[in-house]
Student: 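This is the structure I want to talk about, given as structure tokens.
Side chains included, hydrogens not; waters and symmetry mates left out as well; all remaining heavy atoms used.
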Amino acid sequence: MRVEQQHEVNATGLRELRQLIAAGEGLHLEFKLKATHPDKIVRELLAFANTAGGTLLVGVEDDGHIQGLKYPEEELLVIQQEARHCKPALNFAHRFISVNNKRSVLELQVPLSARRPHYYIVRGSAPACFVRSRDMSLRASREMAEIVRRAKKEKDTRFHYGEAEQKLMAYLGMNPHITLDQFRALARLSRFQASRKLILLVLARVLQILPTERGDLYLPR
């Protein structure tokens, strides 16, 4: 039997919550109505940790409407249990923000992790790395996961500017972006060679990578 909980409303916390929601979902902010599917929430948290940090609000609809949670502690518990599938372990802070005397929003704050990349590992499935791209959390490609891993090391990245790189920059001078497969065909490289060159160019800040639902796009900086 559940015990009905009283949620003492904090005017300051509620005002801060509304200001945060007003910004809308984006690179650093995600809304979830409930923790019915805790695996999806953990993937969002993992993506924040791998990319640039962020905040996830549970109890808020996609349009920003504050529904709140009747039993926020239970929602937190199932999320914490699901987060055990993350390797390395995922760290995040939480707080409950009361919206009335019966409901609260669960706020989860995730910093950019010094231990990235983090993977979501469930028995029977391959380890999955997730990253944040605009207002979406996407499964990272091998290239994106490698960039996440190596980008945390602050040092100059050296690369050879040869014929393949010249063709690449000429292509990007006439087109907004390029994919790995397009670069492979353009420069007549193996997948490994093309992948390595693109990773180095992103790490050297010559290119930027934009994960999308259809694959990574590489753009000039």
Student: Please give me the minimum heavy-atom distance between G68 and V105, naming the atom from each residue.
Tutor: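 For G68 and V105, the tightest heavy-atom pair comes out as CA-CG2, 4.2 Å.
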Student: Without swapping roles, check the side chain of K152 against the backbone of R116 for a donor-acceptor pair under 3.5 Å.
Tutor: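 Looks like yes, one N/O pair under 3.5 Å.
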Student: Does R142, at its CZ atom, have more than 12 non-hydrogen atoms belonging to other residues, nucleotides or ligands within less than 6.0 Å?
Tutor: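 Atom CZ in R142 is not crowded, with 12 or fewer foreign heavy atoms closer than 6.0 Å.
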Student: May I ask you to test the L14-V99 pair for a side-chain heavy-atom distance under 4.5 Å?
Tutor: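 L14 vs V99: side chains touch.
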Student: Between R139 and A126, what is the shortest heavy-atom contact and its length?
Tutor: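 In this case the closest contact between R139 and A126 is NH2-O, 3.8 Å.
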Student: NE2/H28 to CG/L56 distance, rounded to the nearest 0.5 angstrom?
Tutor: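 One finds 14.0 Å between NE2 of H28 and CG of L56.
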Student: For V110 and T55, run side chain to side chain contact (heavy atoms under 4.5 Å, CB included): C-alpha distance rounded to whole Å, both residues' side-chain angles, the deciding distance at 0.1 Å, then the answer.
Tutor: CA-CA 6 Å; V110 188; T55 300; over 6 Å; no
Student: If you count heavy atoms of other groups shown closer than 6.0 angstrom to CZ of R158, is the number above 12?
Tutor: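 It does not: R158 CZ has 12 such atoms or fewer within range.
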Student: Return the minimal non-hydrogen interatomic distance between I41 and A35, and the atom names on each side.
Tutor: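 Of all heavy-atom pairs spanning I41 and A35, the closest is CD1-CA, 3.6 Å.
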Student: Any idea which heavy atoms bring P117 and V148 closest together, and the distance?
Tutor: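 Minimum heavy-atom contact is CB-CG1, 3.8 Å.
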Student: Do any N or O atoms from the side chain of H94 and from the backbone of L106 form a donor-acceptor pair under 3.5 angstrom?
Tutor: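 Answer holds: no.
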Student: Answer yes or no: is there a side-chain heavy-atom contact under 4.5 Å between L57 and L29?
Tutor: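 Yes, at least one pair of side-chain atoms sits under 4.5 Å.
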Student: Taking E16 for its side chain and G13 for its backbone only, find out whether a donor-acceptor pair lies under 3.5 Å.
Tutor: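 Looks like no, no N/O pair under 3.5 Å.
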Student: State, to 0.1 Å, how close Q208 and V202 come at their nearest heavy-atom pair, and which atoms those are.
Tutor: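 So the two residues come closest at C-CG2, 4.4 Å.
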Student: If you apply the rule side-chain hydrogen bond (donor to acceptor under 3.5 Å, both in side chains), what do you find for Q80 with E82, and how did you get there?
Tutor: CA-CA 5 Å; Q80 290 173 329; E82 190 67 25; over 6 Å; no
Student: Looking only at the aromatic ring of each residue, does the gap between the centers of Y120 and H118 stay below 6.0 angstrom?
Tutor: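 Here the rings of Y120 and H118 have centres that are no less than 6.0 Å from each other.
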Student: Are the side chain of N175 and the backbone of H177 linked by a donor-acceptor contact shorter than 3.5 Å?
Tutor: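 Here the side-chain-to-backbone pair does not exist.
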Student: Please answer whether the main-chain N or O of R132 pairs with a side-chain N or O of T51 as donor and acceptor at a distance below 3.5 Å.
Tutor: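 Pair found, side chain donor or acceptor close to backbone of R132.
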Student: Does the side chain of F130 reach to within under 4.5 Å of the side chain of E44, using non-hydrogen atoms?
Tutor: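 Sidechains of E44 and F130: no contact.
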Student: Are there over 12 heavy-atom neighbours, none belonging to R134, within less than 6.0 Å of that residue's CZ?
Tutor: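 Result for CZ/R134: open.
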Student: Quick one: does any side-chain atom of E74 pair with a main-chain N or O of Y71 as donor and acceptor, under 3.5 Å?
Tutor: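 Not confirmed, E74 side chain does not pair with Y71 backbone.
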Student: Quick one: does K197's side chain get under 4.5 Å of L189's, heavy atoms only?
Tutor: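 The answer is yes, as the side chains (C-beta and beyond) meet within the 4.5 Å cut-off.
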Student: When rounded to the nearest 0.5 angstrom, what distance separates CD1 in I209 from CG in D216?
Tutor: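 Atom-to-atom, I209:CD1 and D216:CG are 3.5 Å apart.
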Student: Could you grab the distance from atom CG of L17 to atom CD1 of I97, nearest 0.5 Å is fine?
Tutor: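 It comes to 4.5 Å.
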Student: Are the side chain of S113 and the backbone N or O of R115 linked by a donor-acceptor pair below 3.5 Å?
Tutor: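 The answer is yes, because a donor-acceptor pair under 3.5 Å joins these two groups.
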Student: Are any non-hydrogen side-chain atoms of S104 and L69 less than 4.5 angstrom apart?
Tutor: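 No - every pair of side-chain heavy atoms lies 4.5 Å or more apart.
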Student: How about C86 and I121: do any of their side-chain heavy atoms sit closer than 4.5 Å?
Tutor: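 Answer no - side chains too far apart.
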Student: Between atom CG of L198 and atom CZ of F159, what is the distance when rounded to the nearest 0.5 Å?
Tutor: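 CZ of F159 is found 11.5 Å from CG of L198.
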Student: L172 and Y218: which non-hydrogen atoms are nearest, and at how many Å?
Tutor: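 That closest heavy-atom pairing would be CD2-O, 3.8 Å.
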Student: Salt-bridged, R191 to E143, with N to O below 4.0 Å?
Tutor: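 E143 and R191: salt-bridged.
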Student: Has T212 got a side-chain atom pairing as donor or acceptor with G215's backbone, closer than 3.5 angstrom?
Tutor: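 It does hold such a pair.
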Student: How long is the gap from CD on E30 to CD on E25, to the nearest 0.5 Å?
Tutor: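 Reported to 0.5 Å precision, the distance equals 4.0 Å.
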Student: Roughly how far, to the nearest 0.5 Å, is the OG atom of S141 from the CG atom of L180?
Tutor: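 With rounding to 0.5 Å, CG (L180) is 8.5 Å from OG (S141).
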Student: Is there side-chain contact between F31 and E61, with heavy atoms separated by less than 4.5 Å?
Tutor: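 In short, these two side chains do not touch, never coming nearer than 4.5 Å.
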Student: Should D62 and L33 count as side-chain neighbours, where that means a heavy-atom distance under 4.5 Å?
Tutor: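 In short, these two side chains do not touch, never coming nearer than 4.5 Å.
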Student: Are the side chain of S133 and the backbone of P211 linked by a donor-acceptor contact shorter than 3.5 Å?
Tutor: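 Side chain of S133 to backbone of P211, a donor-acceptor pair under 3.5 Å: yes, one is there.
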Student: Is the side chain of N50 donor-acceptor paired with the backbone N or O of V131 at a distance under 3.5 Å, no angle test?
Tutor: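 Such a contact is absent between N50 side chain and V131 backbone.
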